[in-house]
Amino acid sequence: MRERMDRNLAFELIRVTEAAALDAARWMGRGNREAADQAAVDAMRHALRWVGMDGVVVIGEGEKDEAPMLFNGEQVGNGAAPHVDVAVDPIDGTTLLANGLPNAISAIAIAERGALFDPTGVFYMNKIAVGPAARGAIDIDASVAENLRNVARAKRLRIEDLTVVVLDRDRHKQLIGEIRETGARIKLISHGDIAGGLMPAMEGTGMDVLMGIGGAPEAVITACALKCLGGEIQCKLWPRNEQDRLQGQAKGLDFDRVLTIDNLVNGEDIFFAATGVTDGELLRGVQYTTEGAHTYSLAARARSGTVRILESNHRFDKLLRMRSQPSSGF
């Protein structure tokens with residue numbers, strides 16, 4: 001029997017993503033991806049100790065990139081109920097951060113124990129994602145043109161008014177060509193497909209739909225966020241080569257199966273938090289001040305559908321004192 005999570009854990013998770021963002025943002029534009037990632041992982045791991053939960057990391061994004069990571073199976077939280085699955089990406093867009101580019105965020109999601117899809121062994125998925133206004137209008141097996149017609153109809157827009165988020169990769173040449181043939185606009189992003197998947201669900205970003213192949217761990221985290229935001233995502237596992245396909249099939253994975261948002265994250269007790277590291281369409285980045293820093297974060301809960309945008313002011317002198325006290329969170 002699953003536990004009902006009545007406490008809004010999103011607020012505790014915000015402290016985790018804030019900690020990761022504050023430490024990682026020091027590396028903005030310095031060209032060192034590994035140091036930036038390590039700073040975020042260390043800060044996130046430390047902050048997670050104070051979260052009131054018994055968590056197990058199911059999605060640790062670093063495995064795909066051979067980067068520093070919170071490892072799959074790692075226990076996090078203070079050990080108290082509820083018992084939850086945890087999906088983390090200490091920095092979504094590490095290369096963006098290292099190069100001083102927009103849209104790097106720190107993200108975390110939690111769900112009921114056993115609720116998260118585990119894509120272990122297959123690192124990429126083909127995805128299509130939209131916000132609440134176009135929920136029910138997408139079909140990953142349909143053509144690009146049909147999907148965009150349906151999204152435009154649902155949003156009461158012309159196709160020419162739509163903006164599609166696509167990762168800038170050689171594998172997307174055909175996809176980009178098909179989008180352009182419809183007359184829709186394209187926002188190419190170099191990295192950061194969690195942020196890219198959330199943009200269509202957030203007002204003010206100017207984005208309408210995400211299409212294309214990106215990370216499988218990021219797809220699960222995006223699904224958690226979209227479950228909270230009221231959007232939709234559909235995915236299919238995407239093998240990079242025959243070896244990926246054979247390994248996946250040996251684990252019982254079906255590459256033809258359409259994974260809906262409920263397949264990626266089941267239930268309603270889902271919480272998502274993200275903090276901006278560099279400025280972007282989704283969130284503003286960390287801004288350091290004389291006494292500390294400002295951060296900008298998003299906290300969301302699926303059961304209530306409540307989404308909060310939080311601006312926080314951090315005093316480093318007080319945070320350092322609290323970090324030095326073994327019994328205190330921050």
Side-chain angles (χ1 to χ4, degrees), residues 1-5 9-10 12-14 16-17 20 37 40-41 44-49 51-92 105-125 127 129 193-194 197-198 214-228 233 235-238 244 247-248 250-254 257 259-274 300-303:
M1 181 179 295
R2 287 179 171 174
E3 299 169 274
R4 174 75 176 268
M5 290 187 269
L9 287 164
E12 295 179 54
L13 298 179
I14 282 292
V16 174
T17 57
D37 231 0
V41 168
M44 184 171 274
R45 179 175 279 122
H46 177 83
L48 278 166
R49 293 192 299 167
V51 178
M53 65 182 185
D54 179 0
V56 175
V57 176
V58 175
I59 302 292
E61 197 275 337
E63 183 183 5
K64 173 171 65 70
D65 298 323
E66 298 182 355
M69 65 181 293
L70 285 114
F71 59 85
N72 291 353
E74 182 172 350
Q75 301 227 327
V76 293
N78 65 5
H83 304 282
V84 297
D85 284 347
V86 181
V88 298
D89 196 342
I91 300 295
D92 174 49
I105 65 172
S106 177
I108 185 169
I110 65 171
E112 305 159 73
R113 184 66 54 83
L116 295 182
F117 178 81
D118 183 0
T120 301
V122 178
F123 297 130
Y124 291 90
M125 289 185 183
K127 315 173 190 180
D193 53 331
I194 294 176
L198 267 60
E218 291 89 341
V220 177
I221 298 174
T222 301
C224 292
L226 291 176
K227 203 75 175 288
C228 297
I233 185 170
C235 302
K236 281 187 171 183
L237 295 169
W238 186 80
D244 273 6
Q247 287 178 346
K251 295 178 179 179
L253 298 176
D254 182 354
R257 179 190 179 194
L259 296 167
T260 67
I261 194 167
D262 288 326
N263 296 136
L264 295 171
V265 55
N266 191 24
E268 291 295 327
D269 281 325
I270 302 157
F271 301 88
F272 174 80
R301 183 183 191 183
R303 184 170 293 280

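To the nearest 0.5 Å, atom CE of residue Met125 and atom OG1 of residue Thr222 are 10.5 Å apart. Atom OG1 of Thr260 and atom CD1 of Ile233 lie 10.5 Å apart (nearest 0.5 Å). Separation of atoms CE (Met44) and OG1 (Thr17) is listed at 6.5 Å; rounding is to 0.5 Å. Between atom CZ of residue Arg113 and atom CG of residue Leu116 there is a gap of 10.5 Å, rounded to the nearest 0.5 Å. Summarising the geometry, atom CG belonging to Leu13 is positioned 5.0 Å from atom CD1 belonging to Ile110; distances are rounded to the nearest 0.5 Å. Atom CG of Leu48 is separated from atom CD1 of Ile108 by 4.5 Å, given to the nearest 0.5 angstrom.
Of all non-hydrogen atoms in Ala10 and Ala300, the two that sit nearest each other are CB-O, 3.9 Å. Contact detail for Ile221 and Ala107: the closest heavy-atom pair is CG2-CB, 4.5 Å. For the residue pair Ile105 and Ala274, the shortest heavy atom distance occurs at CD1-CB, 4.3 Å. Scanning both residues, Ala40 and Pro90, for their nearest heavy atoms gives CB-CB, 3.7 Å.
A donor-acceptor contact shorter than 3.5 Å links the side chain of Asp92 to the backbone of Ile194. Proximity of a side-chain donor or acceptor of Arg49 to a complementary backbone N or O of Gly77 within less than 3.5 Å is not detected. In terms of modelled atom types and a separation under 3.5 Å, the side chain of Ser106 and the main chain of Ile91 share no donor-acceptor contact. Judged by distance alone, the side chain of Lys127 and the main-chain N or O of Gly215 form a donor-acceptor pair under 3.5 Å. Checked by atom type and distance alone, the side chain of Asp85 never pairs as donor or acceptor with a backbone atom of Ala111 at under 3.5 Å. No donor-acceptor pair closer than 3.5 Å links the side chain of Lys251 to the backbone N or O of Pro119. When atom types are taken as modelled, the side chain of Lys227 and the backbone of Ile270 share no donor-acceptor pair closer than 3.5 angstrom.
Between Glu74 and Arg45 there is a salt bridge, since a side-chain N of the basic residue sits under 4.0 Å from a carboxylate O of the acidic one.
The closest side-chain heavy-atom distance from Leu9 to Pro82 is below 4.5 Å. With a 4.5 Å cut-off on side-chain heavy atoms, Pro217 and Asp89 do not count as touching. Using a 4.5 Å heavy-atom cutoff, the side chains of Asp54 and Gln75 are in contact. When side chains are defined from C-beta on, Met53 counts as touching Val76, because their heavy atoms get closer than 4.5 Å. Residues Val265 and Phe272 fail the side-chain proximity criterion, which asks for heavy atoms closer than 4.5 Å.
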Would Asp244 and Val122 count as a side-chain contact (heavy atoms from CB on, under 4.5 Å) here? Give the steps.
CA-CA 7 Å; Asp244 273 6; Val122 178; 5.6 Å; no
